[in-house]
Number of protein chains: 2
Amino acid sequence: MSSDRTRSAILAAAEKLYADRGFGDVTLRDIVAEANVNLAAVNYHFGSKDELIAELFVTRSLATNRERLNALKLAEEKGGGRAPIDAILHALVGPTLRGCLGPDREGSTAARFMIRASIESVPPIRRIKNREVDHLRKFIAAMRRAMPGRDDADLYWGLHFALAMSHHTIREKERLARLSEGQCDLNDVDAIVDRVVSVSVMALTGGEAPARKAPSKVAAPHGRLTRQDL
Amino acid sequence: MSSDRTRSAILAAAEKLYADRGFGDVTLRDIVAEANVNLAAVNYHFGSKDELIAELFVTRSLATNRERLNALKLAEEKGGGRAPIDAILHALVGPTLRGCLGPDREGSTAARFMIRASIESVPPIRRIKNREVDHLRKFIAAMRRAMPGRDDADLYWGLHFALAMSHHTIREKERLARLSEGQCDLNDVDAIVDRVVSVSVMALTGGEAPARKAPSKVAAPHGRLTRQDL
DNA sequence: GTCTATAGCCTGATAGAC
DNA sequence: GTCTATCAGGCTATAGAC
């Protein structure tokens, strides 16, 4: 009982401090001071600093993955087992973007923690991300059903680019706001999700084999290989 | 004179060790052992560990930026002051991708160092990246000349997505190789550059206002706003 | 089981001799 | 410029109180 209170206090204090000041500037001593517990309690309950960080990240990460898979399942049921490609990509990038940029969660501790995790990518978080690859296969499977003709490599690249755009937007939102001098509205999450989905769909459908040996003007600018030639 | 040799030895040893084992696992004591110099020499020559890392990164980073701007200048001269959009994006993402994935530099110390810098994003490197925003304005200016009709916001988003795809490909190349079980060829740099450029061009030209209030089937999947409505 | 006090070792940084 | 010695602060481990 009392154990749960100490454990929870550590988790809450850690998430708050990491969200506020980042992983680099927060020590275990800062965390135990904020939580009003003893230094050794962290090791007792979590084993190490890294495992504490890992638990924080896994908790938030699992929630996002559940949202993703629910949205995917819903979209496929709605389409009788086959969802349109844009709905699949929407299910993939929507939860992540809304979780970090959403107006409801605007500046919530959880959102700011996940943004920090995205920007600083400390070792325990990297480890988790690296083994968190299985649930992406479910998206590849859904994409394969949506676009039966496409090469698998094209599907993987499409998925990869969709994740690239959403993660990079979260990670570099300050920079983009500054570079564009406010002309890119980073508060309108729905518009951002649509933009990412729209570009991802174009990436997946745009180079749709016009003629094996006649690359489109735009796709083969410098006489290099086009996707169709790979 | 002797100072220069010590300085260079530290730089070389640090870049090698960071490239091999990452920033998290390499201490100053490891570096001075590899360089056969005294521990205090690092602080004497660089001020701090962070400034040593910063110097390593800035050196490689400036070289890439020079390549980028040279390629951009060349493309604009070739077109009489106005380069086609794909050539501009090529100049933007080509040097970065070739510098990290190129077959000539395959596994070179410099390439592996820059990949580490991209993956681990340690504080001194983040600081440099954050203030390294000015030279991107030259690319925005060139893009504005190439696509006079486009909204500035669209140009910024296009630039942002191009960088997103190239950086994410460098950063997650192992993961993509594993996820795709080798079906995505991460050794064919030219093909990757073309793929990134091709998608970026589509992002910039694809949503080209078909009709103000009739969003295309693919761009407005869920009745949300399309780019044209922003 | 839960928690505290304390000691250990490693890190980056620095002062002062040479 | 270079080196030795030492420092403060970080995370971890453990012995023992409750």
Side-chain angles (χ1 to χ4, degrees), chain A residues 1-58 113 116-117 120-128, chain B residues 1-58 113 116-117 120-128:
Chain A
M1 263 310 120
S2 178
S3 89
D4 256 14
R5 249 201 24 237
T6 301
R7 229 186 106 90
S8 307
I10 293 171
L11 285 170
E15 187 169 41
K16 174 181 169 9
L17 291 182
Y18 285 141
D20 284 349
R21 293 159 35 196
F23 295 97
D25 284 351
V26 175
T27 69
L28 283 187
R29 285 167 171 84
D30 294 332
I31 293 170
V32 299
E34 171 85 16
N36 280 309
V37 301
N38 186 272
L39 173 61
V42 175
N43 256 276
Y44 175 76
H45 284 285
F46 300 94
S48 71
K49 180 192 187 183
D50 279 8
E51 288 172 88
L52 165 61
I53 294 175
E55 173 146 346
L56 284 170
F57 182 72
V58 167
F113 174 82
R116 290 283 188 188
E120 301 193 18
S121 95
V122 87
I125 292 178
R126 271 203 311 280
R127 275 192 288 274
I128 292 165
Chain B
M1 263 308 124
S2 177
S3 90
D4 254 14
R5 248 196 30 232
T6 301
R7 228 187 106 90
S8 307
I10 292 170
L11 285 169
E15 187 168 41
K16 173 178 169 10
L17 290 182
Y18 285 142
D20 284 350
R21 292 159 35 195
F23 294 98
D25 284 352
V26 175
T27 69
L28 285 188
R29 283 165 174 84
D30 294 332
I31 294 172
V32 299
E34 172 84 16
N36 279 310
V37 301
N38 187 273
L39 174 59
V42 174
N43 260 275
Y44 175 77
H45 284 285
F46 300 95
S48 71
K49 181 192 185 183
D50 279 8
E51 289 172 87
L52 166 61
I53 294 175
E55 173 146 345
L56 285 170
F57 182 72
V58 166
F113 174 82
R116 289 283 187 189
E120 301 192 16
S121 97
V122 86
I125 292 179
R126 271 203 310 279
R127 276 192 288 271
I128 293 165

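Each chain gets a letter, A, B and so on, in the order its sequence line appears, and its residues count up from 1. Note that the structure is a prediction, hence the values are computed from the model and not measured.
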Rounded interatomic separation in angstrom, taking CD1 from A:I10 and P from D:dC11: 13 Å
Nearest atoms (heavy-atom pairs only) where B:R21 meets B:D25: NH2-O, 3.2 Å
Indicate the atoms forming the closest heavy-atom contact of B:D30 with B:L17, along with that distance. O-CD1, 3.6 Å
Proximity to DNA chain D (any heavy atom under 4.0 Å), residues of residues 30-40 of chain B only: B:N38, B:A40
Axis bend over the full length of the helix from C:dG1-D:dC18 to C:dC18-D:dG1, computed from five pairs that close each end, to 10 degrees: 10°
Hey, does the side chain of A:T6 come within less than 4.0 Å of C:dC3's phosphate (OP1/OP2), counting only N and O? yes
What integer distance in Å separates B:E51:CD from C:dT14:P? 10 Å
Taking CG from B:L28 and P from C:dA13, how many angstroms apart are they, rounded to a whole number? 6 Å
Round to the nearest Å and state the distance from B:Y44 atom OH to D:dT4 atom P. 17 Å
Under 3.5 Å, is there an N or O donor on one side and an acceptor on the other linking the side chain of A:R29 and the base of D:dG9? no
Separation of A:L11 CG from A:F46 CZ (nearest 0.5 Å): 3.5 Å
OP1 or OP2 of D:dT2 under 4.0 Å from side-chain N/O of B:H45: yes
Let me know the distance between CZ of B:R7 and C1' of D:dG1, rounded to the nearest Å. 13 Å
Expressed as a whole number of angstroms, how long is the span from B:L52:CG to C:dT11:C1'? 15 Å
Spacing of A:N43 atom CG relative to D:dT12 atom C1', expressed in whole Å: 5 Å
Name the orientation class of the two ring planes belonging to B:F113 and B:Y18 (parallel below 30°, tilted from 30 to 60°, perpendicular beyond 60°). tilted
Euclidean distance, atom CZ of residue B:F23 to atom P of C:dG12 [Å, nearest integer]: 13 Å
Compare the minimum distances between each of C:dT11, D:dG10, D:dT12 and the side chain of A:T27, then state the nucleotide with the smallest one. D:dG10
Shortest non-hydrogen contact from A:V42 toward A:L28: CG1-CD2, 3.9 Å
At what distance, to the nearest 0.5 angstrom, does CD of B:E55 lie from CZ of B:R7? 4.0 Å
Closest heavy-atom contact between A:I31 and A:A13? O-CB, 3.8 Å
Which pair of non-hydrogen atoms, one from A:S121 and one from A:R126, has the smallest distance, and what is that distance? O-NH1, 2.7 Å
For A:K49 and A:V26, which heavy atoms make the closest approach, and how far apart are they? NZ-O, 3.8 Å
